[in-house]
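Here is the structure we will look at, set down as structure tokens.
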Number of protein chains: 2
Amino acid sequence: MARRSDHTREELHRLALDAARKITEKDGLRGLKARQIVRDIGYTIGTLYNLFDDLDDLVLQMNGETLDALYEACSSAPMDKDPERNLRALASSYLQFTRTHPKLWNAIFEHKLPNNREMPAWFLDKVARLLLLEEKALAPLFPDGQETQCQHHARVLWTSLFGMASVESADRLPEDETAESLVASLIQIYVAGLRQKAGVPA
Amino acid sequence: MARRSDHTREELHRLALDAARKITEKDGLRGLKARQIVRDIGYTIGTLYNLFDDLDDLVLQMNGETLDALYEACSSAPMDKDPERNLRALASSYLQFTRTHPKLWNAIFEHKLPNNREMPAWFLDKVARLLLLEEKALAPLFPDGQETQCQHHARVLWTSLFGMASVESADRLPEDETAESLVASLIQIYVAGLRQKAGVPA
DNA sequence: AAATTATATTGACCAGTGATCAATTGCAAG
DNA sequence: CTTGCAATTGATCACTGGTCAATATAATTT
């Protein structure tokens, strides 16, 4: 009962996170237990705590990987000079991800550190990185020198998109409404409003 | 060690929910423990389970009361014929509440029932009721017969507002941005877009 | 007033949780 | 071959949500 050399430390790390992801995708963050993870990978509880500080650390890393996957999915959205099309493509990729992995995506926001501890910087960076995509999508609408304006409106659209995905994932949308229909209106109307403000009627 | 008749069943129910609310406001849903509740109200664990099915039941009722309080706060927002002013007033009341009781408000969405059980109807009704306020605020913009349109756009604005409050409450807004600044833009630009679509330039 | 019924309340108890750590073992370097 | 290092174990701890037989009191019946 000691070094088994079945897996390297890195392999074990991977195994544990993969197992945690599978459990979370099925049962949600609430169903994720340390002992279930080690049962699934054929190790014991002590080994898990040799790899991670605690369960919060493990969940944080799992959520970090989810953010990476989400970023990759959103990066694949095509971007050109038409902001509306950019925003629609980005939102579509985003929503496709949140629908394919609803509980995994939810875990990102459900997970709160105890004692009001703040999330580590590397995690916040992964969150912030996503917002840059929205900014990039919206950029064609703003002339040089208005980057601050562009950033502000990207934040408006991004937090709104988050709200819609969130409400949909909580099954709190009526039958005749989807996150897509809400986002479609948001983008269409909001961009029309922005164009008008800039003195460029559609 | 039996019937104490210090409190009626209703009073105990109230005491327990009040204690739970105080704990949640301070430590969040994660810090809410059955034994802490009964310690605070001077009873024992068995009594709590005589009053509630389980902790999920208690949390659900606590969240229901939070939704009631939020509804009351939002109802006080003045409504007239100016949709922008209506929406701003409503959003302001909403954000004031979420800032005064961030952890209590968060508990509404953090709380997930086990085994994918769905929320009871009376709870969903309390959620849906709030949306009607947004509809009422937006209504002056739409002529009779366009209630469906009004409802749709109210949903867009409502889910967006939720997203902004949510991101702010998770402390994921940069220093130079607040939920208020985001909401202000959302309302201004979106309503401008809606007016333009209807052929009524601002 | 006495006996009976009903129920509010207790707290020991259970299974399960996250986390710790001395002991054990196998690997690798000297 | 010996030594030292570190991976792995599982007993152990404090705590959790939840159950339930026992009990003491209030309410009701006789």
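These numbers come from the heavy atoms of this one structure, side chains and all, not from hydrogens, waters or symmetry mates. In what follows, chains are A, B, ... by sequence order, proteins preceding strands, each numbered from 1. The structure presented is a predicted model; accordingly, all values stated were derived computationally and were not measured.
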Salt bridge (Lys or Arg N to Asp or Glu O under 4.0 Å) against [X], all qualifying residues, sequence neighbours excluded:
{"X": "Glu25(A)", "result": "none"}
{"X": "Asp144(B)", "result": "none"}
{"X": "Arg172(A)", "result": "none"}

Which atoms of nucleotides 14-18 of chain D (N or O only) lie under 3.5 Å from a protein N or O atom, and what are those distances?
residue	atom	partner	partner atom	Å
dG17(D)	OP1	Ala34(B)	N	3.3
dG17(D)	OP2	Ala34(B)	N	3.2
dG17(D)	N7	Arg35(B)	NH1	2.5
dG17(D)	N7	Arg35(B)	NH2	3.4
dG17(D)	O6	Arg35(B)	NH2	3.2
dG18(D)	OP2	Tyr49(B)	OH	2.7
dG18(D)	OP2	Leu55(B)	N	2.9
dG18(D)	O6	Arg35(B)	NH2	2.5

Would you name the heavy atoms of Pro114(B) and Asp56(B) that are closest together and state the gap between them?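 Pro114(B) and Asp56(B) have their closest heavy atoms at CD-OD2, 3.4 Å.
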
May I have the distance from [X] (atom [atom1]) to [N] (atom [atom2]), rounded to whole angstrom?
{"X": "Leu48(A)", "N": "dT20(C)", "atom1": "CG", "atom2": "P", "value": "12 Å"}
{"X": "Gln36(A)", "N": "dG16(C)", "atom1": "CD", "atom2": "P", "value": "12 Å"}
{"X": "Tyr43(A)", "N": "dG10(D)", "atom1": "OH", "atom2": "C1'", "value": "16 Å"}
{"X": "Asp6(B)", "N": "dT9(C)", "atom1": "CG", "atom2": "P", "value": "8 Å"}
{"X": "Phe52(B)", "N": "dT9(C)", "atom1": "CZ", "atom2": "P", "value": "13 Å"}

Under the salt bridge (charged side-chain N to carboxylate O under 4.0 Å, His left out) definition, can you give me all pairs with a residue in residues 107-122 of chain A, not counting sequence neighbours?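 Matches after skipping sequence neighbours: Glu110(A)-Lys112(B), Lys112(A)-Glu110(B).
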
Please list every donor-acceptor pair under 3.5 Å in which a side-chain atom of residues 57-67 of chain A meets a protein atom from a residue at least two apart or in another chain.
residue	atom	partner	partner atom	Å
Asp57(A)	OD1	Gln61(A)	NE2	3.1
Asp57(A)	OD2	Asp53(A)	N	3.0
Gln61(A)	OE1	His13(A)	NE2	3.0
Asn63(A)	ND2	Ala107(A)	O	3.2
Glu65(A)	OE1	Arg14(A)	NH2	2.8
Glu65(A)	OE2	Arg14(A)	NH2	2.4
Thr66(A)	OG1	Met62(A)	O	3.1

Could you list all the side-chain hydrogen bond (donor to acceptor under 3.5 Å, both in side chains) pairs where at least one residue sits in residues 128-137 of chain B, not counting sequence neighbours?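 Only Asp68(B)-Arg129(B) qualify under side-chain hydrogen bond (donor to acceptor under 3.5 Å, both in side chains).
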
Going by heavy atoms closer than 4.0 Å, what residues in residues 7-27 of chain B are next to DNA chain C?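 Going residue by residue through residues 7-27 of chain B, the ones with a heavy atom under 4.0 Å of DNA chain C turn out to be Arg9(B), Leu12(B).
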
On DNA chain C, does the nearest nucleotide to Asn50(B) precede the nearest nucleotide to Gly46(A) from the 5' side, or the other way round? Give the residue.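 By nearest-heavy-atom nucleotide position, the 5'-most residue is Asn50(B).
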
Can you list every pair that meets ring pair (Phe, Tyr, Trp, His ring centres under 6.0 Å) and has a residue in residues 140-171 of chain A, with sequence neighbours left out?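 Sorted pair list: Tyr94(A)-Trp158(A), Trp105(A)-Phe162(A), Phe109(A)-Phe162(A), Phe142(A)-His153(A), His153(A)-Tyr190(A).
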
